[in-house]
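Heads up: the structure comes next, in structure tokens.
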Amino acid sequence: MSMIGLVDCNSFYVSCERVFQPRLNGQAVGVLSNNDGCLIARSNEIKALGIEMGTPAFDIQHLVGQGRIRLLSSNYELYGDMSQRVQAVLGEFSSGVEPYSIDEMFVRFDGFEPGQLLEHARQLHHKVRQYTGIPVCVGVAPTRTLAKLANRAAKKIPAYGGVCVLRAESAETRALLKRLELGKLWGVGRRLAERLAVLGFRTGWDLAQADPKRIRRQFSVTVERTVLELRGISCIEMNDFHEPRQRIMTSRSFGKLTENVDEIREAIRQHGQRGAEKLRSQGSLARAVLVFLKTNPFRDDLPQYSPSLAVELSRPTDDSREILDAAGNALQRIYRRGYRYQKGGVMLLDLIDCHRQQLSLLDTSQSDADRQRSQKLMATMDELNKRMGRGTITLGTPSPGAAWHLRCDNLTQRYSTRWEELPAARAR
DNA sequence: TGGGACTAT
DNA sequence: ATAGTCC
């Protein structure tokens, strides 16, 4: 019987910071999202203060002033590297590791006796901590949905000691499902939980008893799959991590609300270039570009407008210039005066593999020489930006004091990926 | 008051 | 085109 483990790193971003700054142990520490916007990782001490996930930074700034909490900007280079280290350790305990997010990985366990598996999972739990310094919880079950449940139990119920192995149809699984509010179940959000509650489904157990066919009719195939998974029938597969993305989005809040079209155009151009870089690094071509804008939905005193428009490219391309042209075009068509915009971004859509050359055989709009010139130029830009830092070469000149720069006031060092930022050890 | 990929409607 | 899901 094949089993699936979910390994979830505890307070991941905070834990990464603590590996290199042990003095943060025992302190109330939080890590903020990009742009220092809201709280996305909390130490237990900060949870104990009753500060919720997603709290806007400005709501808790006063506690920083009082010295009661520490807030750090997010350091994705550090977290990404630590995540890979955790994955490397997992690889020694599993026949297959599937990263699900930066701090969660599914791992396959094949050919274990039930008794062995618990011991194996406990070893994995211990070794990840020992080798990487990152504390994790481990949940194991026959399906990913139940592994999520097991992981939650491992995290919340101290008696499990951070490791919980569940079998389908066991009394233990049933007890946990009965205690699980539907909104906390993987794949069921607040809205869906409300709709299910109307029909009398309140707990995970209720949903596990539902008729899958009926659920499919009244909701969707994804909810039907959840029902089957709750019963121990595995039917949710992970997207292979190595598969190229099917769409690429680059977006950011403008540092302040703005209606200045020049400022917005500059931000959109920036996103278009960044998106094109991502596109080339995964070896894809885009056939369409979508631009979106958004006003601040929390400002109900202001008029709201969230337009988006997709425009087709004349041919599949990864050339930043063609993508920027299309993006500029789309922006011009959706921009309306009289709104204060909060955020904007660019999505690259309908991606295809750049080696699928048969399209270009039919494409007479561009000669081979042109195409080669484009590729060479883009490759040179990418190489320089990679080596000398992002933004070394850009198309057009970004104004230095633009409103949409990234805010990150409390950024720590990239201890594990940059020679210049290695931590120093001193003898006492 | 985040950013990104995906799915559903 | 827009809204909702997850992290």
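Letters A, B, ... mirror the listed sequences (proteins, then strands); counts begin at 1. Note that the structure is a prediction, hence the values are computed from the model and not measured.
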Hey, can you pull the residues of residues 38-57 of chain A with a non-hydrogen atom under 4.0 angstrom from DNA chain C?
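The stretch gives none, as no residue of it lies under 4.0 Å from the strand.
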
Over all strands shown, is [X] touching base, sugar-phosphate only, or nothing at heavy-atom distances under 4.0 angstrom?
X        : value
A:Lys294 : nothing
A:Gly345 : nothing
A:Asp103 : sugar-phosphate
A:Ile102 : nothing
A:Leu192 : sugar-phosphate
A:Pro307 : sugar-phosphate

Nearest-nucleotide pick for A:Ser101, side chain only, options being C:dC7, B:dG2, B:dT1
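Looking only at side-chain atoms, A:Ser101 lies closest to C:dC7.
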
Among C:dA1, C:dG4, C:dC7, find the nucleotide with the atom closest to the side chain of A:Ala310.
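Within the option list, the nearest is C:dA1.
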
Interatomic distance, [X] [atom1] vs [N] [atom2] [rounded to whole Å]:
X        : N     : atom1 : atom2 : answer
A:Phe292 : C:dT2 : CZ    : C1'   : 12 Å
A:Ile60  : B:dT1 : CD1   : C1'   : 11 Å
A:Leu182 : C:dT5 : CG    : C1'   : 15 Å
A:Asn10  : C:dC7 : CG    : P     : 15 Å
A:Gln270 : B:dG3 : CD    : C1'   : 15 Å
A:Ile236 : C:dC7 : CD1   : C1'   : 15 Å
A:Leu185 : C:dC6 : CG    : P     : 9 Å
A:Leu349 : C:dT2 : CG    : P     : 14 Å

Whether each nucleotide of nucleotides 4-9 of chain B has a protein heavy atom under 4.0 Å at its base (B), only at its sugar-phosphate (S) or at neither (-) is summarised, 5' to 3', as BSBBSS

Between A:Tyr13 and A:Tyr76, is the ring centroid distance below 6.0 Å?
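Close enough - the centres of the two rings lie under 6.0 Å apart.
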
Check this one for me: any side-chain N or O of A:Ser253 less than 4.0 Å away from OP1 or OP2 of B:dG2?
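Answer is yes, contact under 4.0 Å.
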
Tell me whether the side-chain N/O atoms of A:Lys343 come closer than 4.0 Å to OP1 or OP2 in B:dG2.
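For B:dG2, OP1/OP2 do not have a side-chain N/O of A:Lys343 under 4.0 Å.
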
Over-ring placement of A:Arg144 relative to A:Phe106, 6.0 Å and 45° cut-offs:
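Yes, A:Arg144 and A:Phe106 form such a contact.
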
Flag side-chain contact, heavy atom, 4.5 Å: [X] against [Y]:
X        : Y        : result
A:Pro142 : A:Glu229 : no
A:Leu395 : A:Gln273 : yes
A:Tyr341 : A:Lys294 : no
A:Leu196 : A:Asp206 : no

Taking the P atom of each, how far is C:dC7 from B:dT1, in whole Å?
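Their P atoms lie roughly 24 Å apart.
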
Using the ring of each side chain (for Trp, its six-membered ring), is A:Tyr100 parallel, tilted or perpendicular to A:Trp186, with breaks at 30° and 60°?
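Aromatic pair A:Tyr100/A:Trp186 classed perpendicular.
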
Quick one: do the A:Asn260 and A:Thr258 side chains pair a donor with an acceptor below 3.5 Å?
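Short answer, no.
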
Please determine whether a side-chain nitrogen of the Lys or Arg among A:Glu266 and A:Arg269 lies less than 4.0 Å from a carboxylate oxygen of the Asp or Glu.
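No, A:Glu266 and A:Arg269 are not salt-bridged.
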
What's the verdict on side-chain hydrogen bond (donor to acceptor under 3.5 Å, both in side chains) for A:Gln218 and A:Arg214, showing C-alpha distance, side-chain angles and the deciding distance?
CA-CA 6 Å; A:Gln218 298 189 325; A:Arg214 173 187 168 207; 3.2 Å; yes

